Amino acid sequence: MNTESPIAIDVRDAVKRYGEFTALKKISLSIKDNEFFTLLGPSGCGKTTLLRMIAGFEDVTEGQIYLYGDEIEGLPPNKRPVNTVFQNYALFPHMSVLDNVGFGLEMRGASKSDARRRGGEVLELVQLSQFAKRKPSQLSGGQQQRVALARALAPQPKVLLLDEPLSALDLKLRKAMQIELKHLQRETGITFIFVTHDQEEALTMSDRIAVMSAGELQQLGKARDIYERPHNKFVADFIGETNLLEVSVDKIDNGHAICHLGGGHSLTCNAVDGIDVGTRVHISVRPEKLFTSDAPSGVESLKGIVKENIYLGTDLSTIINLDEGPDFTVRTSNSERGNKRIFEPGAQVFVNMEMGAARLLVD
Amino acid sequence: MAGGSTSGGSVKADTYAGVRHWLLAPSWLVLLTVVVGPLCIMLIYSFLTKEFRGGVVWEFNLAAYDKFFFDRGLFGDEAPRIEWTYISIYWRSILQAAIATLVSLLIGFPTAYFIATRPTTSRALWVFLITIPYWVNLLIRTVSMKFLLRDQGPLNAFLLSTGIIDQPLTIVNTDVAVQLGLFYSYLPFMVLPIYAAVEQYDHRLSEAAADLYASRWIALRRVILPAVKPGVIAGCILVFVPSLGSFLAPDLLGGARNFMIGSLIEDQFKGQAGDWPFGAAASMILLSMVLIVLIVAARRQARAKAAGGEV
C-alpha cells in the first residue's frame, strides 16, 4: 500500500498443522512498521497460533515469516527481537515487580544495576513506580497487567505481541487500558500486534484489523472499512450488529441489483462481482443506517409493524416485522436533538434507508 | 437483633469446635502412643545404666553421652579427652547421606520433570513405573544391588566386555557402594515431591523467560528452580533423613569398615554390643541433629516468605 513505511512482519503463505488438524490455512499478511495491528476473530480461529508462530513458540508447517526482511523461522524465542504480553501475564512470582521488568534487559546483557534503573523508567511509564518492590501476587489484576506490559516493553522489542491482554479485566478498566495501550504505542513507536476476540476493542484501538475465522483471513483493512464495507457474511455478522437477510437476486440493472426479501418486499443494492440473477445471497444493513417514519421516506421504504422496543441507554432498538416478510432491527440515537418519534408496539411504520445502506455479500 | 444473631452463631461455632475435638481424639491418642511415647522412652533410657546382656538398670547418669563424646570421661580425675570414633562415624554418615541426596537430586529432578511434562493420561503410569521396584522388600533390593555390583557381577562383566576397563572395579565394600545403595533405596522420595511441584508449575513462565531472551539453562536456574524449590527441599529432606539413619545399605554394601550411624545404633540393641542406654543416647544425638537441620530449613523458608510478604 505504502512503499515508504517498511514492513515489520511479513507472513507469507503460513500454514500450521497439528497432525490432521489445520489451524492456519495459507495466511499471508504484512504488518507495517509502527502500526497498531489487530488479529480479530472468535476463539479457535487461529489468531493466537499465528501470534505464537511470530513469537517462536510454534513452528511454521509451511510458508515463511519475515521480521524486517529477515526470515525468523528456526530461531528460538529467545533469539527473536519480539516480546509478548501473555494473556495470563505469566509474571515471575518469586521476583519483585522491578526484577520482573528488568529481566529481559538483564538477559540482553545489561548489568543488574542498569537493568534496575531502566526497568524503573519503564515502570514510571506505566505509573507503577511505587510498587517496584512488591511481588506480583500483591498487585491487582490491572496492575499485574501493566507490569506484564512494562516487562515486555523494557527490552525495546522491534515488535510487541499482545495475546488478549485485557480479557481478564473488568469493563471500565478494560476501556481505560485500551486508551493507555494506544497512547503507549504512539509514544514508543513500537509495532503492536494485538490479538482479541472483542470486535469493539479491535475497532477502538487498531490502525488496521485482520479478521480471521476457521484458520483463514476473512478481511484485512482499516476499522472503518471493515465495519462499513464487510467483504462477506462472516465479517458483517462478527463485526458490530447487523440485519443479515437471505435474499434472491431478481434483476441486475446498470450496476444495481434488485433483491427479493420475501413477502413481496424488495430492495435495491449496489451489485457486486460474482452475483447473478436467481442466486440466493445475503444482504447486511446496519441498524443505525435505518430510520422509521409513518409515511415512506428515503430511497427505499419497507412497510411493517412494530414488534418491540428495547431501551439500550444511548440508543433505542426497535424490532419491526415486515408484512409477511423478515424482521428488521432499527437503532435510533436517544439524543434530545432531532425530536424523533417513538412508535409503540403494534403501530404501522415504514423502515427507510438511503441508497448504499444495504450491502450485498458473497458467502 | 444483630447482636442476638451473632451470639447465636458463636454458640453454634463453640459446639462445633467441641465436637471436632472429640472426633480428633482417636488420632491424638494414636500419635501420642506411637510417636511421642517411644521417643520419651528413648530419652529416659539414654540416661539409665546398662544391664549386662541388654536391658537397663534404673540408675540415672550421663554415662552413655560421656561414652559417645569422651575417651577419658568428664567424671574422671584426669582432663577429659574427646573420643573420635563415634563422632567420625556420624561425620561419615552425614557425608554419605549428603552424597546420596545430591545424586538423587541430580537423577531425580530430570526424572520428575520428565514425568510432569508427559500428557496427563500417561503421568500416572510413569509414577507407577517409578514405584514398582519399591513393592519389593528393601533387604532383597539391597542384596540384589550387591550382586549387581560385585567384582564378578553383571556391571563389571559389561564394562570389561566393552573394553572400558581391563580390571574389574571393586565397588562392593566401598563408600561408592553405600552411596549407590542409599540412592537406590530412597530415589522415589526425591522424585515424587519434585514431580508434585513441577506438575503445579505454570509452564507459561518458561515461555515468558524464553520470550525475554533467557536461554534454557538460565530459565531453569532463574525461573523454574525457584518456582519448584519447595518440592526440591522436601525431596532432599525425605532422602537425607532416612539415609542418615539407614543400616541396611551400609551393612550389606559397605562392609565392616563403612559403619554408619544406623548400624551403630542397631548394634547396641540387637547386636553384640548390647548397650541400650548408649544406643538410646546415640539416637537422641542423631535426632537432635536432624531437628536442627529441619528447624534451620523451616526458618529460612519462613524468612523468605516474610521477605516476599512485606512491602
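From a predicted model like this one, the values you see are computed outputs, not experimental measurements. Lettering follows sequence order; numbering is per chain, from 1.
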Handout entry: Donor-acceptor pair, side chain of Asn83(A) and main chain of Asp211(B), under 3.5 angstrom
Key = yes

Which heavy atom in [X] sits nearest to a heavy atom in [Y], and how many Å separate them?
X         : Y         : value
Pro93(A)  : Leu205(B) : CD-CD1, 3.6 Å
Tyr213(B) : Gly104(A) : CD1-O, 3.9 Å
Pro155(A) : Leu212(B) : CG-CD2, 4.2 Å
Ala90(A)  : Arg204(B) : CB-O, 3.9 Å

Check the surroundings of atom [atom1] in [X]: do more than 12 heavy atoms from other residues, nucleotides or ligands lie under 6.0 Å from it?
X         : atom1 : result
Arg117(A) : CZ    : yes
Arg300(B) : CZ    : no
Glu58(A)  : CD    : yes
Phe158(B) : CZ    : no

Problem - Pairs of heavy atoms under 4.5 Å with chain B: top-ranked of Glu106(A), Met95(A), Lys79(A) - result: Glu106(A)

Completion exercise
Counting heavy-atom pairs under 4.5 angstrom with chain B, the leader among Tyr89(A), Phe131(A), Phe86(A) is Phe86(A)

Handout entry: Under 4.5 Å from any heavy atom of chain A - which part of Ala209(B)
Key = both

Completion exercise
Turns out that what part of Ile218(B) lies under 4.5 Å from chain A's heavy atoms comes down to side chain

Handout entry: Full working for side chain to side chain contact (heavy atoms under 4.5 Å, CB included) between Lys229(B) and His94(A)
Key = CA-CA 11 Å; Lys229(B) 202 167 82 182; His94(A) 56 283; over 6 Å; no

Handout entry: Heavy-atom contact with chain B under 4.5 Å, split by part of Arg151(A)
Key = both

Handout entry: Contacting moiety of Leu161(A), where chain B heavy atoms sit under 4.5 Å
Key = neither

